[in-house]
Amino acid sequence: MSTEHGALEAAGTRVPAASPLSEVKLHLVENMEDLFTFKRWLGERRETPLAVDTETGGLDPWRVKLRLVQFGDPNTGWAIPFEDWQGAIKEVLRTYEGRWICHNLPFEQKFFKLHAGLTLPWERCDDTMVELALLEPHKPKGLKPASERHVDPNAARGQDVLKDAMQKQGWTWETIPHSFPPYWIYGALDTVLTARLWQWSHPRVLAECPEAYGLEMATLRVCHQMMVNGMLLDVPYVQRSIQELQEFSTQAREWLQRVHSVTSPMSGAQISRAMATLGVDPIAFTDGGAPRMDKETLTTYRGWAAQPRAQELASYVLSVRHADKMLGSYLENFLEMMDGDHLIHCNINTLAARTGRMSVTEPALQTLPREDKIIRGSFIPHERKVLISCDLSQVEARLAAHFSQDPGLIEAFRRADEDGDDFFCAVAGQIFNEVITKADLRRQMTKNVVYCSLYGGGVTKMAQTAGVPLAQMQPVKSAFDATYPGLQGLIQSITELGRRTNPPSIRSPLGRMLVADHGREFTQLTNALIQGHAAEYMKRCAVDMDAAGLGDYLRLLIHDEGILEAPAEEAEEVLRVMEQCMTDREKYLVPLTADGKIMTERWAK
DNA sequence: AGCGCGGGCGCG
DNA sequence: AAAGCGCGCCCGCGCT
């Protein structure tokens with residue numbers, strides 16, 4: 001079936017005649033003749049890359065079907081049912097010699113890899129979602145909203161028609177018929193939108209931030225491999241952990257209900273009522289005005305020797321909350337999300353945070369507890385392999401020294417690197433004018449001053465984080481600012497520079513726009529520059545590791561840390577290459593360095 | 001039953 | 001003058 005003019009009317013939505021999309025031609029391949037027409041069209045000369053998109057049965061490429069594959073350019077779109085025309089589709093994907101465009105390339109690549117057994121050549125692909133994220137980080141980057149802004153205000157019409165029909169007919173994304181016009185027409189139209197969006201975004205990206213774009217596209221490739229390879233789970237170990245924690249949780253919940261009528265340890269209202277019954281008054285409140293019953297407050301109650309019953313209650317709530325967090329957020333999810341080979345294929349969003357940091361979901365492998373080793377220990381290397389982790393050393397503080405050009409900070413890092421001193425001991429030594437050991441509270445206070453300053457925190461927050469009275473922290477902060485004036489100078493100049501744009505923003509060294517909310521420039525922008533460039537640096541490290549031949553070993557990136565799985569006999573060499581890829585002694589005013597370790601049994605310290 | 005939100009907590 | 005940044009996931013709770 002083909003629709004010439006009025007394709008969108010056929011789908012039940014009127015697009016005004018003058019609308020840029022009203023002349024678009026959209027087609028569905030239903031027979032051999034359609035296929036020949038499609039191939040003739042494919043062979044035509046065109047000035048844009050070929051846009052490709054898919055419609056799938058859902059979001060998890062490992063569990064749902066590939067329904068449609070669509071191809072298009074700025075004027076024409078084709079929808080082709082995958083199961084009926086697999087051979088032809090694979091041939092096009094394999095043999096087309098021009099460039100490709102997708103909106104969310106990693107999503108399509110996963111489906112192509114798992115359902116068609118092929119991968120589009122990354123070096124010939126553009127991704128308009130990446131381009132949008134770089135050009136307009138403060139705006140929605142989905143295909144529909146972006147197209148409404150830059151292609152046609154009517155671009156998202158028809159979404160509602162499709163949703164209504166699906167609901168009325170009881171169709172899901174797995175079961176909706178290919179030939180239902182709103183389905184295939186809007187599938188095909190998406191490629192047209194993608195191609196037109198590229199016409200808007202691509203020249204701008206090349207003009208504004210070609211380096212950031214090149215790095216992002218390379219990062220997509222490296223992260224794709226990580227997602228496909230997956231991490232191996234020790235299933236019996238996880239099952240044992242779950243059982244033990246569940247037994248504990250059940251007993252603790254029974255006690256809470258029996259003794260204090262608390263049915264849910266997550267309910268602050270119930271806990272505070274029970275505390276009130278014991279004659280314990282609230283000591284802190286949430287923003288909403290309710291008594292705070294979080295970890296910090298409960299830990300305080302747990303230390304109150306004069307109130308043994310409150311201590312006992314707080315202790316039970318804290319431990320059952322911890323157990324439930326371990327079970328619900330981590331262990332049970334692991335079993336649910338693993339594939340038949342006990343592999344966990346997480347989802348990596350390479351441009352999730354507005355600072356350019358990545359996020360990891362399903363499961364959130366970047367947030368596995370550090371202290372409670374049970375959770376990280378759930379992941380093991382395959383037979384005859386080891387896990388290797390390598391992390392950047394104080395990368396944010398080093399970048400702060402670099403950006404601020406503060407001679408004192410630069411010197412402290414030089415001494416830390418050359419004499420093997422601890423950086424924060426060196427800084428604390430300068431401030432207090434005596435030798436400071438690692439265990440000294442003044443080192444911790446100094447560290448809190450540095451990191452709180454970078455994140456826009458005040459002296460109150462510094463004292464609170466270090467657990468000391470305000471009066472004790474104040475002179476430390478004053479002495480720090482006097483000794484290392486560069487940092488305050490950096491924060492000042494970034495804040496002033498950032499306030500000149502709307503929205504407030506600054507550019508990273510690779511040209512990435514980093515935005516802040518109005519009125520929050522002071523607390524967000526310095527952090528954005530440092531966190532943002534650390535993210536760029538880490539992405540560069542991962543791409544370099546891939547170039548050095550470690551791409552297939554890479555498993556996970558956790559902001560300033562890389563996790564690899566490598567053959568045991570290569571471990572030392574791999575670690576050496578890894579450290580080399582993560583070290584830069586030339587481009588910055590202080591060296592950026594890395595430190596790694598080999599884990600033979602499981603992922604834990 | 002599903003949604004949005006606040007509160008809470010895990011990480012860097 | 002004063003100001004902690006960035007995420008994901010879970011639960012409870014009130015709403016539709």
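Throughout, a chain's letter reflects where its sequence line sits, starting with A, and its residues are numbered from 1.
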A/H518-A/N502 side chain donor-acceptor pair, cut-off 3.5 Å: yes

A/T175 and A/T172: side chain donor to acceptor below 3.5 Å: yes

Would you say a side-chain N or O of [X] is under 4.0 Å from OP1 or OP2 of [N]?
X      : N      : value
A/T367 : C/dG8  : no
A/T361 : C/dG8  : no
A/Q531 : B/dG12 : no
A/T523 : C/dC5  : yes
A/R354 : C/dG6  : yes
A/S267 : C/dC13 : yes
A/K461 : C/dA2  : no

Is any side-chain N of the basic residue among [X] and [Y] closer than 4.0 Å to the acidic one's carboxylate O?
X      : Y      : result
A/R357 : A/E396 : yes
A/D372 : A/K325 : no
A/D517 : A/R354 : yes

Selection from C/dG6, C/dC5, C/dC11 that lies nearest to any side-chain heavy atom of A/A353: C/dG6

From B/dC11, C/dC9, C/dC11, nucleotide with atom closest to A/N333 side chain: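 Of the candidates, C/dC9 comes closest.
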
Presence of donor-acceptor pair under 3.5 Å, side chain of A/K325 and base of B/dC9: yes

Presence of donor-acceptor pair under 3.5 Å, side chain of A/R292 and base of B/dG7: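 A donor-acceptor contact between them is absent.
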
Touch class at under 4.0 angstrom, heavy-atom based, for A/T465 against every strand present: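 Contact class for A/T465: base.
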
First encountered from the 5' end of DNA chain C, between A/P363 and A/T355: A/T355

Comparing A/H559 and A/F522 on DNA chain C - which has the more 5′ nearest nucleotide: A/F522

Counterpart base for B/dG8, defined by Watson-Crick or G-U wobble contacts under 3.5 Å: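 Across any shown strand, B/dG8 pairs with C/dC9.
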
